**Q** 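Below you'll find the structure I mean.
Atoms within a ligand are numbered from 1 in the order they appear, just like the ligands themselves. Position 1 is the first residue of the sequence; numbering continues from there. Nothing here was measured: the structure is a model prediction, and the numbers come from that model.
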Amino acid sequence: AGVMKEMIQMKKQLNALNQSQTSEEFQAAAEQFIEYSKDAQHTMPKSVGDDQERFKGYQAGVQEVIDVVNQANEKAKAGNLAEAKEMIEQLDEMRKKYHKEYK
Ligand code: HEM
């Protein structure tokens with residue numbers, strides 16, 4: 001099955017993060033995003049094969065994304081929606097970089 005289902009859910013929550021109008025909406029989407037990311041992190045994508053070292057690299061990449069969303073969520077919790085949204089702009093580059101490596 002790979003991680004397609006989890007990735008599509010992450011994409012949906014990323015859209016919700018970008019479209020959120022209040023820091024409460026942002027927080028709700030961030031928590032969902034992190035839940036789906038953790039599901040993805042525990043699942044081996046097809047491209048990894050059975051290579052444990054490569055799987056660890058994949059998991060570290062997903063963790064980097066989780067860390068950014070956690071940090072952005074802290075901004076939202078402090079009521080700082082604009083900074084929270086600014087912070088998640090880096091996810092685009094991270095997604096591109098890791099997709100090149102693992103997709
Ligand atoms: C903001 C973060 C991310 C989003 C929104 C996202 C979204 C997606 C989407 C929509 C797909 C399926 C469509 C397509 O092929 O483009 C996909 C596939 C995939 N992504 Fe991501 N991704 C993210 C981050 C990552 C990271 C950090 C990794 C690895 C470290 C990763 C690994 C993969 C893999 C392996 C697939 C192929 C799935 C499969 O064939 O089972 N993604 N991603």
**Q** If you count the atoms of ligand 1 from 1 in the order shown, which ones are under 4.0 Å from a heavy atom of Tyr102?
**A**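 That gives atoms 30 (C), 35 (C) of ligand 1.
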**Q** Under 3.5 Å between any N/O of Lys103 and any N/O of ligand 1: does that happen in this structure?
**A**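 Indeed, backbone or side chain, Lys103 has an N or O that close.
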**Q** Does Met94 come within less than 4.0 angstrom of ligand 1, counting non-hydrogen atoms of the residue?
**A**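 Not so, Met94 does not reach ligand 1.
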**Q** Only heavy atoms of Pro45, strictly under 4.0 Å: list the atoms of ligand 1 that pass.
**A**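 Near Pro45, meaning under 4.0 Å from one of its heavy atoms, ligand 1 has 35 (C).
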**Q** Within a strict 4.5 Å, meaning less than it, do heavy atoms of the Tyr102 and Arg54 side chains meet?
**A**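 Yes - at least one pair of side-chain heavy atoms lies under 4.5 Å apart.
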**Q** Quick check on contacts: which atoms of ligand 1 are under 4.0 angstrom from a heavy atom of Tyr98?
**A**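 Checking each atom against Tyr98, I get 26 (C), 27 (C), 28 (C), 29 (C), 30 (C).
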**Q** With a cut-off of 4.0 Å, which atoms of ligand 1 are near a heavy atom of Val65?
**A**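 Close to Val65: 27 (C).
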**Q** Between Lys12 and Tyr36, is any pair of side-chain heavy atoms under 4.5 Å apart?
**A**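 No, their side chains stay 4.5 Å or more apart.
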**Q** Applying side-chain hydrogen bond (donor to acceptor under 3.5 Å, both in side chains), can you list everything that pairs with Gln21, at least two apart in sequence or on another chain?
**A**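 side-chain hydrogen bond (donor to acceptor under 3.5 Å, both in side chains) check on Gln21 returns nothing, list empty.
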**Q** When you measure from atom 32 (C) of ligand 1 to each heavy atom in Lys5, Lys12, Met7, which option holds the nearest one?
**A**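 Selected option, by shortest heavy-atom distance: Met7.
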**Q** Would you mind running through ligand 1 and noting each atom that sits below 4.0 Å from a heavy atom of Gly2?
**A**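 Under 4.0 Å from Gly2, ligand 1 has these atoms: 41 (O).
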**Q** Regarding Gln63 and Asp67, is there a side-chain donor-to-acceptor distance under 3.5 Å anywhere?
**A**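 Short answer, yes.
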**Q** Counting heavy atoms only, which of His99, Met4, Gln41, Glu101 comes nearest to atom 25 (C) of ligand 1?
**A**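 Minimum heavy-atom distance to atom 25 (C) of ligand 1 goes to His99.
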**Q** Measure from the side-chain N and O atoms of Gln59 to the backbone N and O of Gln41, and report whether any donor-acceptor pair falls under 3.5 Å.
**A**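 The answer is yes, because a donor-acceptor pair under 3.5 Å joins these two groups.
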**Q** Looking at Lys38 and Glu35, does any basic side-chain N land under 4.0 Å from a carboxylate oxygen?
**A**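 Salt bridge absent between Lys38 and Glu35.
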**Q** Tell me the salt bridge (charged side-chain N to carboxylate O under 4.0 Å, His left out) pairs involving residues 91-103, sequence neighbours left out?
**A**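 Matches after skipping sequence neighbours: Asp92-Arg95, Glu93-Lys96.
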